[in-house]
Trainee: 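To start, I am sharing the structure in question, which I have written as structure tokens.
Every chain is numbered from 1, with letters handed out A, B, ... down the list of sequences. As a basis for the values below, the full set of heavy atoms in this structure was taken, side chains included, without hydrogen atoms, waters or symmetry mates.
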Amino acid sequence: METLFGIAVDGVAYGMILFIISVGLSVTLGLMRVVNLAHGAFAMVGGYVASYAAQTFGLPYAGALVVAVLLTVLATLPLETLLYRRIYGHANELSQVLLTIGLTFVIVASVNYLFGPSLKRIPLPELLQGTVALGPKSIPTHRAFVIVAGAVTLLGLWWLLERTDFGIRLRAAVDDPAMAAALGIRTERLYMATFALGTGLAALGGVLGAELLPLEPYYAIRYIVLFLAVVAVGGAGSVFGSAAAALALGVTDTAGKYLIPNFGEFFFYAALILILFRWPQGFFKGKTA
Amino acid sequence: MSATMTDAAPTNHSAARLASPRRDLSWTAAPLVGLLGLAAFWVFPEDLGLMTRIAAAALYVLSLDLVLGYCGIATLGQAAMFGTGAYAAGIAAVHLVNDPLILLVIGGVAGGAIALATGALILHARGLTLLMLTIAVTQIVQEVANKARDWTGGSDGLSGVDPAPVFGLFRFDMVGRTSYLFALAVLVVGMLVARRIVRSPFGLACRGVKEDPVRVAALGGSPRAYLVTMYAVAGMFAGVAGALTAVSSGIVGLDSVSFSWSAEALVMLVLGGTGRLYGAVIGTVAFMAAHHILAATDPFHWMAFIGLFLMGVVLFLPGGIAAGLERLRDRLTGTKSGSAPGGRA
Amino acid sequence: MTILLEVQGLSKNFGGLQVSSDITMSLKAGDRCALIGPNGAGKTTFVNLVTGALAPTAGVIRLDGRDVTRLSAADRVRRGLIRSFQVARLFASMTVREHMELAILQRDRRTFRLFASVGRTRGLAAEVAEGLSLMGLEAVAETTVGSLAYGQQRLLEIALALVMRPKVLILDEPAAGVPHSESQRILDAIDRLPKDLAVLMIEHDMDLVARFASTIVVLAQGKLLCSGTTREVLADPRVREVYLGSRAHAH
């Protein structure tokens, strides 16, 4: 019972981090059709900025979080104009993979040059240390915080996409780019805004998840397969698909590590193959939102 | 200029030049590689170990070119075939036989078998889904190799591969002369066989599938059957390359079946140029030589360099080094062709 | 004469929209049939259903007496049901010669020869040359299709269809986009086709239809309006009203 509860809490928290980071990738893939292997690098940059801001300037956790997200978005926006815009679209998969692998390598090398190869931490405020009681059980406060943050992100995205003008345009462009252009939706600006949204989410996830996905220069390469897996299973462009896939994969992976520690990876990838074999467009594809 | 370069599909451009009525010199590639390889044998006697690894890797990258350059399958899972071949040959060498040629055959069969089995399963997919599936296959193979410690040595690697002399005559010496010449010979033979395949009726059909599978079906062909067959053939090449690495180095590690080894193959191929076969060799030599020099100081310097280079190739040199060389040759010989900068609308 | 193509009660719904409803027709060996109808009459849908690009909602398609309704497009091609595309659909980076070689090798099921040489396949070069000369394409044999004039691409489409030895040949507006001087070549080639094969041609140009067709099938709004000999159909007042009338209107 204790194990199951532990699995549930850790799995859901882990899944929420996967969700926050992957949903950014999913949205850009759904709209711009770009397989962005540098997405993990963006998350890593967010984490490093927060760590630096907190350690060097003594910024509080919340402040470091905001600074990290804003700086990451600002730093990556020029990349959209200079690089990504050239490789949008269906036919460019290979160019996309190569260009974004190249970008990832450059970011990894730069991060190592600037911050060194050692593990970086983002000190948690006292508020997030310790545990909170949940009925008869208690769970680590940080895990609870991550789960709540994930839920808030999910609701926020839902509101953004369903209730705002930006969301309506975005969904229209995902569903039918030609029609959207014909209706006078300015895709260039929309792409830029969506790209910013995607990297912002990556940075947010990188900061919040630093306890679960530790910050070191190879972070960008180590976890990108995981984020891609979430998107592939969830279906490109689907917010709820990403959430469901991230939670499912997070819990599966955690359960695998707890229960069958020697074959965790094996089951994760076997499940991935089965799901993609049966549902090549993603398990949760169907409703775009 | 860069904009027009990026817009043009590199493949069209490569085939357009193959088709131009100029004399076809592509048969010279394999003998040339053999000659240059022999020259390198005399010039760099200290670097035989590195050069042996390059020769085996070139064969591996060549296998990826068969899949990507001639069928248009974007994959991040070629290491699954390489690693399976390497482990099959390594395990066979420890337990069964030690004739190097038989070991290569074992590696080729193993690589081809896993490619056939997984290709039949996953090649219905496209785009990101296919990329994910190829990654997943590689991770599973790696996980199996990691867990089957009794056979593979797990994370310690498989050692104790001690091949018999080639043809019973040439011993594998300590300096690595036999290893290098053996690897070079296998690479040259591999290039010849690959050239034969891409110029066969089967190769022609695969090029058709790469461009328009629906049109191939309208000619009565089954696109998927071609893809799976070529995937299996390329798997055999990759398996032989893996076995060659095992035989010449004496060890097999988990990194031979890793995601990054798959990605590196893609990088090397694109550096050299896809759809040419010799582009695979050029790319591998350039990549691994640069790696040897730069990574010796600091692996992160290497990453920065290769990352920038990769981005540059995608943005400014879509056909890779080989296309750049061909363009240069056209400039020098004054050949007019549609690929001259600015010559395309 | 044997019936080569038989279509019974063929229907197709997209969602609630019925784009083909209950079409029945047949082609005998030697038939030269024109399929006409105003824009949006469902001609292309009908061809896609027959060739297997679309799956019908209801109905049966028989080719040379065998039910092919559930077979894939490629399987139907292998059984002799060949089409040419309305908009030339070719392999942009391959040469004209390579197209012909691929079509012939595919027809003869020699495409799984991994170690044979295309250049040295017996009889191939001669047959390619013959097929090309039929359409006057010898001069551009080594040209990549991407840099070929549109009219020549259409001629290559037809050459490919002919070289595949069809039993039933479906030509989707074969002369559209071809200069007038060249369209004669296409008609000549069709005239010279073996008499025992059936040809179905979708065509707008009534001069061509009158010259080519012995029978006509008229579609309107996804339904079979009428069919019969060329003379009967062209005289039918309903056809004048629906087809010729709407065309006159459109121009």
Trainee: Identify which of B:Ile306, B:Val270, B:Leu121 forms the greatest number of heavy-atom pairs closer than 4.5 Å to chain A.
Mentor: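 Max contact count across the listed options: B:Leu121.
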
Trainee: Heavy-atom distances under 4.5 Å only: say whether A:Ile107 touches chain B with side chain, backbone, both or neither.
Mentor: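 The answer is neither part of A:Ile107.
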
Trainee: In this structure, are over 12 heavy atoms from other groups packed under 6.0 Å from B:Phe300 atom CZ?
Mentor: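 Yes, the 6.0 Å shell around CZ holds more than 12 heavy atoms from other groups.
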
Trainee: At a 4.5 Å cut-off on heavy atoms, which part of B:His124 comes close to chain A: side chain, backbone, both, or neither?
Mentor: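 Just its side chain gets close to chain A.
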
Trainee: Can you name the nearest heavy-atom pair linking A:Val106 to B:Ala304, along with the distance?
Mentor: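 The pair with the smallest heavy-atom distance is CG2-O, 3.9 Å.
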
Trainee: With only heavy atoms counted, which part of B:Leu130 is less than 4.5 Å from chain A, the side chain, the backbone, both or neither?
Mentor: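 Interface part for B:Leu130: neither.
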
Trainee: More than 12 heavy atoms of other residues, nucleotides or ligands under 6.0 Å from CZ of B:Arg149: yes or no?
Mentor: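 Enclosed.
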
Trainee: With rounding to the nearest 0.5 Å, note down the distance linking CG in B:Leu76 to CG in A:Leu228.
Mentor: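 Answer rounded to 0.5 Å: 9.0 Å.
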
Trainee: Please flag which part of B:Val137 lies under 4.5 Å from any non-hydrogen atom of chain A: side chain, backbone, both or neither.
Mentor: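 Backbone plus side chain of B:Val137, per the 4.5 Å heavy-atom cut-off to chain A.
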
Trainee: Answer whether the closest heavy-atom distance between the side chains of B:Leu266 and A:Leu94 falls below 4.5 Å.
Mentor: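 The answer is yes; the side chains approach within 4.5 Å.
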
Trainee: Kindly give the heavy-atom pair with the smallest separation between A:Ala232 and B:Met132, and that separation in Å.
Mentor: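 Heavy-atom minimum between the residues: CB-CG, 3.5 Å.
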
Trainee: Looking at A:Tyr113, I'd like to know if its OH atom is crowded, meaning that more than 12 non-hydrogen atoms belonging to other residues, nucleotides or ligands lie closer than 6.0 Å.
Mentor: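 Not more than 12 within 6.0 Å, no.
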
Trainee: In terms of heavy-atom pairs under 4.5 Å with chain A, which of B:Leu131, B:Leu68, B:Thr129, B:Asn146 leads?
Mentor: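 Between B:Leu131, B:Leu68, B:Thr129, B:Asn146, the count favours B:Thr129.
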
Trainee: In residues 98-105 of chain A, which residues are in contact with chain B at a heavy-atom separation under 4.5 Å?
Mentor: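 Contacts with chain B: A:Leu98, A:Leu99, A:Ile101, A:Gly102, A:Leu103, A:Phe105.
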
Trainee: Which atom names give the shortest non-hydrogen contact between A:Leu272 and B:Ala136, and what distance separates them?
Mentor: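 Minimum heavy-atom separation between A:Leu272 and B:Ala136: CD2-CB, 3.9 Å.
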
Trainee: Can you measure from CG (A:Leu83) to CG (B:Leu315) and round to the nearest 0.5 angstrom?
Mentor: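 Reported value, rounded in 0.5 Å steps: 6.0 Å.
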
Trainee: State the CD1-OH distance between B:Ile135 and A:Tyr269, to the nearest 0.5 angstrom.
Mentor: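 These two atoms lie 8.0 Å from each other.
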
Trainee: Counting only heavy atoms closer than 4.5 Å, note whether A:Val35 contacts chain B via side chain, backbone, both or neither.
Mentor: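 Only the side chain of A:Val35 comes within 4.5 Å of chain B.
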
Trainee: State the CD1-CD1 distance between A:Ile273 and B:Ile122, to the nearest 0.5 angstrom.
Mentor: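 Answer for the CD1-CD1 pair, A:Ile273 versus B:Ile122, is 7.0 Å.
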
Trainee: Take atom OH in A:Tyr52; do more than 12 heavy atoms of anything else shown fall under 6.0 Å from it?
Mentor: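 Atom OH in A:Tyr52 is not crowded, with 12 or fewer foreign heavy atoms closer than 6.0 Å.
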
Trainee: Pick one of side chain, backbone, both or neither for B:Phe305, based on which atoms fall under 4.5 Å of a heavy atom in chain A.
Mentor: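 Contact with chain A involves no heavy atom of B:Phe305 at all.
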
Trainee: Once rounded to the nearest 0.5 Å, what's the spacing between atom CG of A:Leu79 and atom CE of B:Met311?
Mentor: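 If I round to the nearest 0.5 Å, the distance is 7.0 Å.
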
